[in-house]
Visitor: 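Here it is, the structure, as structure tokens.
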Amino acid sequence: MKPVKAGASRRQLLQLSGAAALLAAARTALPSGAFAQTAGPELKGTRLGYIALTDAAPLVLAKEKGLFAKYGLPDMDIAKQASWGATRDNMALGFKNNGIDGGHILRPKTHLYSTGKVMQNGQPLPMYTLLNLNEDGQAISVSNEYKDLNVQKDASPLKLAFERKRAAGKELTAAMTFPGGTHDLWIRYWLAAGGIDPDTDIKVITVPPPQMVANMKVGTMDCFCVGEPWNEQLVNQNIGYTALTTGELWFKHPEKILGMRADFVDANPKATQAILMAVMEAQIWADKMENRQELAEIVGRRQWFNVPVTDINKRLQGDINYGNGREVKGTNLYMKFWGQGGEVSHPFKSHDSWFVTENIRWGKFEPTIDIKALVDKTNRADLWREAAKTLGVAGAPTADSRGVETFFDGVKFDPAAPLDYLKALKIKRVA
């Protein structure tokens with residue numbers, strides 16, 4: 001920066017000091033300074049999918065703020081998907097066949113795709129988990145039919161109400177977004193902890209996230225689990241209320257990921273690193289509370305989510321109107337994108353182990369599956385750490401495990417002994 005000349009105007013001084021502050025902030029976020037790449041990516045871009053959920057924000061921001069272009073990928077296409085089922089089908093096609101090569105997906109999908117469990121004809125689609133897009137920021141919401149029960153973390157008040165409704169010959173329905181995905185596992189855990197068997201006491205159905213509110217409005221479901229902004233929209237439209245955010249079920253839980261086809265990553269290592277760095281830089285920006293309002297305004301636009309900013313911004317800032325008389329401000333339950341040293345973004349293998357184990361619980365995987373082998377095959381934390389090193393991230397995680405995790409009901413998960421966790425659960429399919 002040039003020295004200030006004698007007699008400089010106040011405006012010049014403010015401009016210079018503002019520039020200095022921006023430069024300092026950039027160096028703090030990315031200590032290595034400007035990115036310099038000796039050889040560019042193998043291609044100019046590819047297509048990544050996303051669902052209209054707030055945790056897709058890092059992909060949207062990387063496109064909107066020119067970060068993909070910054071790292072040599074000017075032709076990146078970030079394409080909205082109609083549902084998680086459509087995401088799966090387009091991932092199977094790949095970009096070369098007018099599909100997608102990766103994108104914003106539910107974390108267990110990497111395992112479900114790679115083993116062929118949810119693919120057409122059971123054909124495996126090798127996938128990699130590249131980074132964790134966010135922690136927390138989902139919720140479980142309940143129909144206003146049960147507003148008098150004021151259901152919160154403890155789902156047991158619903159047990160008797162459900163029994164009465166079933167005795168009257170009425171169907172009970174809980175909705176989630178994809179079998180074996182995060183929302184399926186959160187609502188199953190919550191119901192089961194309250195003594196409600198999600199396999200026998202209620203029908204669990206799949207509904208695309210943007211259709212949750214409309215379906216509850218017409219009375220086709222009793223409760224659902226989905227990411228934001230749909231829980232906040234439900235409350236704003238006075239159709240239902242939030243029982244709990246998923247951060248209350250498991251604080252700082254992993255949620256969506258950037259997942260990509262293994263064949264793309266293996267064939268395009270430089271492009272993969274460029275994608276990682278662009279998304280990671282977007283996560284750093286999104287994690288700053290002072291940027292949350294702008295984030296809501298960007299993703300709310302018609303070409304992205306087409307959702308009012310008022311349905312997005314409050315919970316992003318930790319202000320939660322549960323819709324049943326409870327309203328809290330400034331909580332730590334807001335969506336997290338980066339954290340200290342990128343700990344939110346880092347894809348810990350121990351988290352993958354829990355998702356596989358929980359899917360063993362509900363019959364998606366056999367109890368004999370080699371959990372460690374599957375996680376080692378699909379988790380590419382090594383690529384994340386390589387990108388973090390290039391970006392100059394200080395204090396980046398180096399371990400594959402975040403250690404023992406504890407859930408709201410006191411159940412603990414030790415990734416060193418994953419199947420022992422199943423023994424402590426109230427309702428389970430596997431002993």
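All values derive from a computational prediction rather than experimental measurement. Residue numbers start at 1 and run along the sequence shown.
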Visitor: Any chance you could lay out the side chain to side chain donor-acceptor pair (under 3.5 Å) test for T129 and T110, step after step, and finish with the verdict?
Guide: CA-CA 6 Å; T129 296; T110 301; 3.0 Å; yes

Visitor: Less than 4.0 Å between a side-chain N and a carboxylate O, is that true for K336 and D287?
Guide: no

Visitor: Heavy atoms, side chains only, cut-off 4.5 Å: are Y189 and R361 in contact?
Guide: yes

Visitor: Is there a donor-acceptor contact under 3.5 Å linking the side chains of Y71 and Q273?
Guide: no

Visitor: Taking the basic N atoms (NZ, or NE/NH1/NH2) and the acidic carboxylate oxygens, is any pair closer than 4.0 Å for E145 and K165?
Guide: yes

Visitor: Could you tell me whether the side chain of K314 reaches within less than 4.5 Å of the side chain of T310, counting heavy atoms only?
Guide: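 The answer is no, as the side chains (C-beta and beyond) never meet within the 4.5 Å cut-off.
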
Visitor: Between N134 and E255, is any side-chain donor less than 3.5 angstrom from a side-chain acceptor?
Guide: no

Visitor: Between Y128 and R261, is there a side-chain heavy-atom distance shorter than 4.5 Å?
Guide: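 Not in contact.
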
Visitor: Let me check something: any side-chain donor-acceptor pairs from residues 212-219 under 3.5 Å, sequence neighbours excluded? List them with distances.
Guide:
unit_1: N215; atom_1: OD1; unit_2: T220; atom_2: OG1; d: 3.3
unit_1: N215; atom_1: ND2; unit_2: Q211; atom_2: O; d: 2.7

Visitor: Hey, does the Lys NZ or Arg CZ of K153 hover above the aromatic six-ring of W190, less than 6.0 Å from the centre and inside 45° of the axis?
Guide: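 Judged by the rule, K153 and W190 form no cation-pi pair.
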
Visitor: For the residue pair R315 and V235, establish whether any side-chain heavy-atom pair is separated by less than 4.5 Å.
Guide: yes

Visitor: Does NZ or CZ of K412 come closer than 6.0 Å to the centre of the six-membered ring of F407, within 45° of the ring's axis?
Guide: no

Visitor: Side-chain donor-acceptor pair under 3.5 Å between D101 and T46, yes or no?
Guide: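 Side-chain D/A pair, D101 to T46: present.
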
Visitor: Before giving the answer on side chain to side chain donor-acceptor pair (under 3.5 Å), spell out for E358 and Y421 the whole-Å C-alpha distance, their side-chain angles and the decisive distance to 0.1 Å.
Guide: CA-CA 9 Å; E358 186 70 0; Y421 153 86; 2.7 Å; yes

Visitor: For H104 and W84, take the angle between the two ring planes, folded into 0 to 90°, and tell me which bin it lands in: parallel under 30, tilted 30 to 60, perpendicular over 60.
Guide: tilted

Visitor: Take the angle between the ring planes of H351 and F348 and call it parallel below 30°, perpendicular above 60°, tilted in between.
Guide: perpendicular

Visitor: Around atom NZ of K147, are there more than 12 heavy atoms of other residues, nucleotides or ligands at under 6.0 Å?
Guide: yes

Visitor: Mark yes or no: R107 above the aromatic ring of F355, with NZ or CZ under 6.0 Å from the six-membered ring centre and no more than 45 degrees from the axis.
Guide: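 Relative to the ring axis of F355, which defines the angle, R107 lies outside at least one limit.
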
Visitor: Judged by modelled atom types alone, do H346 and R385 share a side-chain donor-acceptor pair under 3.5 Å?
Guide: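 R385 and H346 do have a side-chain donor-acceptor pair below 3.5 Å.
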
Visitor: Can the positive tip of K117 be found less than 6.0 Å from the middle of the six-membered ring of Y113, inside 45° of the ring normal?
Guide: no

Visitor: Are the side chain of K428 and the backbone N or O of K426 linked by a donor-acceptor pair below 3.5 Å?
Guide: no

Visitor: Between R402 and E135, does any NZ, NE, NH1 or NH2 come within less than 4.0 Å of an OD or OE carboxylate oxygen?
Guide: yes

Visitor: May I ask you to establish whether R326 and Y241 are in a cation-pi arrangement, using a distance under 6.0 Å from NZ or CZ to the six-membered ring centre and at most 45° from the ring axis?
Guide: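 No, R326 does not sit over the ring of Y241.
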
Visitor: Any donor-acceptor pair under 3.5 Å linking the side chain of T245 with the backbone of Q138?
Guide: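 Such a contact is absent between T245 side chain and Q138 backbone.
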
